[in-house]
Amino acid sequence: IKARATAQANACISNLRQIEAGINQWALETGQPSGASIPGISTVSAYIKLNSASSVPSCPADGTYSVTSVGVVPQVECSLSTLTPPHALP
């Protein structure tokens with residue numbers, strides 16, 4: 001069970017990194033200032049590798065991703081960030 005939880009957390013962190021990189025690319029290409037709100041996670045779908053269903057990857061442990069603002073650390077969070085191991089960017 002611990003190995004599965006660790007693998008899910010690592011996959012989630014990988015997704016968070018990819019989404020955050022997509023947010024940064026979107027912000028640069030559209031001229032968004034630091035602190036600008038991000039309309040939604042689907043905004044970055046053109047900037048990241050999509051899953052087999054052609055959508056933004058989701059947390060493998062059924063967590064949900066939420067976005068904050070451009071330049072805020074972190075720009076994207078998983079609802080399972082308080083689990084052990086945490087689903088959060090280091």
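Below, all heavy atoms of this structure are taken into account, side chains as well, without hydrogens, waters or symmetry copies.
In this structure, Leu50 is a member of the same hydrophobic cluster as Val67, with clusters built from ILVMFWY side-chain heavy atoms closer than 4.5 Å.
Side-chain atoms of Gln75 come within 3.5 Å of backbone N or O of Gly71 as a donor-acceptor pair. For Gln18 (side chain) and Lys49 (main-chain N/O), a donor-acceptor pair under 3.5 Å exists by modelled atom type. No donor-acceptor pair closer than 3.5 Å links the side chain of Thr68 to the backbone N or O of Val76. Put simply, the side chain of Ser79 never gets that close to the backbone of Gly63: no donor and acceptor are under 3.5 Å apart.
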Ile13 and His87: CA distance, side-chain angles, deciding distance, side-chain contact (heavy atoms from CB on, under 4.5 Å) verdict:
CA-CA 6 Å; Ile13 291 167; His87 291 223; 5.6 Å; no
Where do Val70 and Trp26 land on the side-chain contact (heavy atoms from CB on, under 4.5 Å) test, with the steps shown first?
CA-CA 10 Å; Val70 174; Trp26 167 79; 3.9 Å; yes
side-chain contact (heavy atoms from CB on, under 4.5 Å) between Leu80 and Cys59, intermediate numbers included:
CA-CA 9 Å; Leu80 303 177; Cys59 176; 3.9 Å; yes
Show me the side-chain donor-acceptor pairs of residues 38-46 shorter than 3.5 Å, one per line, residues at least two apart or across chains.
from	atom 1	to	atom 2	distance (Å)
Thr43	OG1	Gly40	N	3.3
Thr43	OG1	Gly40	O	2.9
Ser45	OG	Ser42	O	3.0

Scan the side chains in residues 1-12 for donor-acceptor partners under 3.5 Å anywhere in the protein, sequence neighbours excluded, and list what turns up.
from	atom 1	to	atom 2	distance (Å)
Thr6	OG1	Lys2	O	3.0
Asn10	ND2	Thr6	O	3.4

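Contact check for Pro60 versus Asn15: side-chain heavy atoms found under the 4.5 Å cut-off. The shortest side-chain heavy-atom distance between Arg17 and Leu89 falls under the 4.5 Å cut-off. Counting heavy atoms from C-beta on, the side chains of Ile48 and Pro57 come closer than 4.5 Å.
The OH atom of Tyr65 lies 5.5 Å from the CD1 atom of Ile19; values are rounded to the nearest 0.5 Å. Atom CD of Gln25 sits about 13.5 Å away from atom CD of Glu20, to the nearest 0.5 Å.
For Ser81 against Pro86, the heavy-atom pair with the smallest separation is O-CB, 3.4 Å.
In this view, Asn51 and Ser55 satisfy the side chain to side chain donor-acceptor pair (under 3.5 Å) rule, not counting sequence neighbours.
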